[in-house]
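One structure is given here, and the rest of the page talks about it.
Residue indices begin at 1 and follow the sequence shown.
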Amino acid sequence: MARIRVLVVDDHRIFAESLAAALAAEQDVEVAAAGSGPAALRCLERGASEGRRFDVMLVDADLGRAAGAAAGAMGLPPQPLPAPAESLVHGAAVASPVNGAVPGPPVNGAAVGGAVGGAAVGGAAVGGAAVGGAVNGRAAPGRMAPARPVDGIALVGGVRSAQPGVRTVVLAERDDPRRAAAALQAGACGWVAKDCSLSRLLAVIRGVLRDETHLPPALLTGVLRELTAARKHRTESERLVESLTPREREVLRCMVAGLGRKAVAERLYLSPHTVRTHMQNVLGKLGVHSTLAAVALARRAGVGPVDLAGEVVERGGQLA
């Protein structure tokens, strides 16, 4: 029997453990859990490197939002999606602690906050995958310095880029057409309420593996409205970008990549004065007043950054 490998990503430990344990009870489902975006990426990377790729990722729509608000109050910078590293899946390193919780009492022969189905989640085991705690006699890595966590929808986009074969389903506490539309645009295959039944969630998991998209009926009208509005904005942005000359589009792509005027000049073999003129023309034709606004419009129009692979470049006046 082919087993479905599922990764649960949620920073609420009780919910993550309970959901992982419930899913692991299914004969054809194998479960691991992670308590943050970076931990999820490490888990996915390790699974791929071992030839045990995950099929579906269930991610909390509000992942990291509470911690992110606290980090914002402390004036900490946003945390980018990191390059995946080692984690612990079925006896190998998987994710980080879920809210840093400690082991709890045994339940049905396995410890919740201890072992659930043979895998550790924040020191607990779920479906054979360990998340946090000591593994093979080694202590799990310590906490990193505080930084703003990656949110759920950003994680969806990161996973789509890194591992496009993984289907993602967003778990939400409330219906939100705008965020559901953003999740679909980022690459999610479904949006499911956290209070849905286990049978419903299993149906969605199996459905997305058949390339189905799942949304609650009550959200359909709102999501379609949001997607239509987004397409309208994109069409307008595309029209403005098409008004640029080929050279101005090159300059815009450099701006999207975050290059400073000097770096653009060196890359395009132009004088800084000429680059300044091109940048002013770009802002004028796009009808914006700042580089940041120009980049946002370019992104909506589907304009990507210039390829900087293998280059040392200046970003906003500093070497990258």
Would you say that [X] contacts [Y] through its side chain, given a criterion of any heavy-atom pair below 4.5 Å between the two side chains?
| X | Y | answer |
| --- | --- | --- |
| Thr291 | Met279 | no |
| Val303 | Leu297 | no |
| Cys254 | Arg249 | no |
| Val275 | Leu268 | no |
| Leu58 | Val192 | no |
| Leu286 | Val241 | yes |
| Val169 | Val59 | no |
| Val6 | Glu30 | no |

Locate the shortest heavy-atom distance separating [X] from [Y]; write the atom from each residue and the value.
| X | Y | result |
| --- | --- | --- |
| Val170 | Ala61 | CG1-CB, 3.4 Å |
| Val9 | Ala40 | CG2-CB, 3.7 Å |
| Ala188 | Val156 | N-CG1, 3.5 Å |
| Asp11 | Gly35 | CB-O, 3.3 Å |
| Arg5 | Gly47 | NH1-CA, 4.5 Å |
| Leu7 | Cys43 | CD1-SG, 3.7 Å |

Roughly how far apart are [X] [atom1] and [Y] [atom2], rounded to 0.5 Å?
| X | Y | atom1 | atom2 | result |
| --- | --- | --- | --- | --- |
| Ile205 | Asp55 | CD1 | CG | 10.0 Å |
| His278 | Met255 | NE2 | CE | 12.5 Å |
| Glu250 | Arg253 | CD | CZ | 8.0 Å |
| Glu212 | Cys189 | CD | SG | 10.5 Å |
| Asp176 | Trp191 | CG | CH2 | 5.5 Å |
| Ser18 | Leu198 | OG | CG | 11.5 Å |

- Quick one: which residue pairs count as a side-chain hydrogen bond (donor to acceptor under 3.5 Å, both in side chains) with a foot in residues 192-209, not counting sequence neighbours? Asp10-Lys194, Asp28-Arg206, Asp60-Lys194, Ser197-Ser199
- Determine which pairs satisfy side-chain hydrogen bond (donor to acceptor under 3.5 Å, both in side chains) with at least one residue from residues 279-289, sequence neighbours left out, and list them in order. Glu248-Lys285
- Go through the steps to decide whether Thr213 and Val208 satisfy the test side chain to side chain contact (heavy atoms under 4.5 Å, CB included), and finish with yes or no. CA-CA 6 Å; Thr213 299; Val208 297; over 6 Å; no
- Query: If Ile, Leu, Val, Met, Phe, Trp and Tyr residues are connected whenever their side-chain heavy atoms lie under 4.5 Å apart, and connections chain through other members, are Ile153 and Met57 in the same group?
  - Reply: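 No, because Ile153 and Met57 fall into different hydrophobic clusters, even though each may have its own neighbours under 4.5 Å.
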- Query: Would Thr168 and Val56 satisfy side chain to side chain contact (heavy atoms under 4.5 Å, CB included), going step by step from the backbone distance to the final call?
  - Reply: CA-CA 6 Å; Thr168 56; Val56 178; over 6 Å; no
- Going through the distances and angles, do Arg247 and Leu270 end up as a side chain to side chain contact (heavy atoms under 4.5 Å, CB included)? CA-CA 11 Å; Arg247 177 63 84 184; Leu270 300 172; 4.1 Å; yes
- Message: Please tell me whether Ser271 and Thr274 have a donor and an acceptor in their side chains that are separated by less than 3.5 angstrom.
- Response: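 Side-chain D/A pair, Ser271 to Thr274: present.
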- Message: The test is side chain to side chain contact (heavy atoms under 4.5 Å, CB included); show your working for Leu63 and Leu155 and say whether it passes.
- Response: CA-CA 9 Å; Leu63 181 71; Leu155 178 60; 3.9 Å; yes
- Is Arg167 paired with Asp211 through a side-chain N to carboxylate O contact shorter than 4.0 Å? yes
- Message: Closer than 3.5 angstrom, by distance alone: can the side chain of Arg3 be matched with the main-chain N or O of Gln27 as a donor-acceptor pair?
- Response: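 The answer is yes, because a donor-acceptor pair under 3.5 Å joins these two groups.
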